[in-house]
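Quick notes on the structure that follows.
Just so you know, ligand 1 is whichever comes first in the structure, and atom 1 is the first atom listed for that ligand. We use all heavy atoms of the structure for the numbers below, so side chains are in, but hydrogens, waters and symmetry mates are not. All values reported here derive from a predicted model rather than from experimental measurement.
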Amino acid sequence: MDLSTTYLGLSLPHPLIVGAGPLGDDLDNVRKLEDAGAAMLVLRSLYEEEITGEQMDGFTYEESHADSFAEAGNFAPEPTMALGPDEYLEHLRRVKAAVHIPVMASLNGVTPGGWLSYARLLEEAGADGLELHLYHAASDMAMSAADVERQSVDIVREIKRSLRIPVAVKLAPLLTAFAHFARQLDEAGANGLVLFTRFHRIDLDVIELEVIRTLPLSDSSELPLRLRGTAALAGRVKASLAITGGIHTGIDVIKATMAGAHATQMVSALLRHGPDHLRTVRREIESWMQEHEWASLNEMRGNMSLQRIPDPAAYERANFRMALR
Ligand SMILES: Cc1cc2nc3c(=O)[nH]c(=O)nc-3n(C[C@H](O)[C@H](O)[C@H](O)COP(=O)(O)O)c2cc1C
């Protein structure tokens, strides 16, 4: 059974990647993830504001997910505060020395500027790739969608000019013209597109008059949005495609692959069940493929993409009408 894939130009034995977040914070956990078969690891993000030294208001993750760590037995990364730029580099070096799998660093920012030169330091510290998380709240009424997109494309161009390692861009799902934006990033040289960011959940405490930010863990119901985005891009961009959000089971990975994904990232599932879940998901993929007589993931990749299904409208407007029948 051949699960191999190529993501960002790197040959991987299978598509199961540990996504950006606290899973890479602790060296013992990182080793456990490698032992359990992770194909690649993405470290948590370092934020533009952390590099420029600006005040960050509540950018670190709320602990709403802490309860579910208990289910993962002793695999319970403490929710940690974000690392500063120097600590981040040091941590990256340590992780690289601890494991053999490719390790990606992650930067989160919105404005082109001096902080981007930091990407070079990540490369020098040994990162095998860089994931750029270009999340923009876009609540500034003076900025158009085109302005926001231009900034992101400029960031990618500038980073690509200075780095040799591959660069993946992690996108938010809320874009006016998603496919066009993806094509611009592709043309700017992005080696991969990661679909899609999950937002913090916002609620209002109407007694204390506070905005409450939580980050609950996902489940597989988050996947369809990503399948649709991936299916729309598969075969139409040079960049590799990865899905983040809602990958919990072997069937989720099969669906992601059929939509066109080269890699699938997991965070919530591993926080909930621990690193051994990587083995479980891999077994599920293999037994499903055996049962349905698929020899490799490569032969099914993108077979249900927008370009290749007989009824592309199923992904788009017609879907609504049919669902209401
Ligand atoms: C506790 C926690 C911390 C996270 N930290 C980051 C981060 O630093 N950078 C980032 O790009 N995504 C971060 N994410 C988002 C994940 O990488 C991932 O995109 C999201 O959780 C959806 O995947 P999942 O359904 O497998 O959890 C974080 C998610 C969680 C739950």
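- A 6.0 Å sphere centred on CE of Met289 holds more than 12 heavy atoms belonging to other residues, nucleotides or ligands.
- For Arg201, the CZ atom sits in a loose shell: 12 or fewer heavy atoms of surrounding residues, nucleotides or ligands are nearer than 6.0 Å.
- Between Gly246 and ligand 1, an N or O atom pair is found at a separation short of 3.5 Å.
- Every atom of ligand 1 with a heavy atom of Met266 under 4.0 Å away is listed here by number and element: 26 (O).
- Remark: His292 NE2 is packed, more than 12 non-hydrogen atoms of other residues, nucleotides or ligands lying under 6.0 Å away.
- Counting only heavy atoms from C-beta outward, the side chains of Leu195 and Leu233 approach each other to under 4.5 Å.
- Residue contacts with ligand 1, taken as heavy atom pairs separated by less than 4.0 Å, involve Arg44 via backbone and side-chain atoms alike.
- Counting atoms of ligand 1 from 1 in the listed order, those under 4.0 Å from a heavy atom of Pro22 are 1 (C), 2 (C), 3 (C).
- Heavy-atom separations between Ala269 and ligand 1 are all 4.0 Å or longer.
- Contact of the Asp219 side chain with the Ser268 side chain is not registered, since no non-hydrogen atoms from C-beta on lie closer than 4.5 Å.
- At a threshold of 4.0 Å, the pair Arg93-Glu90 counts as salt-bridged, since one of the basic side-chain nitrogens sits closer than that to a carboxylate oxygen.
- Within the 4.0 Å heavy-atom shell around ligand 1 one finds Leu215.
- A salt bridge is defined here as a Lys NZ or Arg NE, NH1 or NH2 lying under 4.0 Å from an Asp or Glu carboxylate O, and Arg150 with Asp147 meets this definition.
- Of the polar atoms of Tyr47, none of the N or O atoms is found under 3.5 Å from an N or O of ligand 1, judged by distance alone.
- For Glu222, the closest heavy-atom approach to ligand 1 does not fall below 4.0 Å.
- Listed by number with element, the atoms of ligand 1 under 4.0 Å from a non-hydrogen atom of Arg198 are 22 (C).
- On a distance-only criterion, His133 and ligand 1 share at least one N/O pair closer than 3.5 Å.
- Comparing Pro216, Ala20, Gly19 against atom 28 (C) of ligand 1, the shortest heavy-atom distance belongs to Ala20.
- The atoms of ligand 1 that sit less than 4.0 Å from any heavy atom of Lys170 are 10 (C), 11 (O), 12 (N), 15 (C), 16 (C), 17 (O), 18 (C), 19 (O).
- More than 12 heavy atoms of other shown residues, nucleotides or ligands fall within 6.0 angstrom of atom CD in Glu187.
- When only interatomic distances are considered, the shortest N/O to N/O separation between Gly245 and ligand 1 falls below 3.5 Å.
- Here is the list of ligand 1 atoms found below 4.0 Å of a heavy atom in Ser218: 24 (P), 25 (O), 27 (O).
- Between Lys32 and Asp35 there is no salt bridge, since no side-chain nitrogen of the basic residue lies less than 4.0 Å from a carboxylate oxygen of the acidic one.
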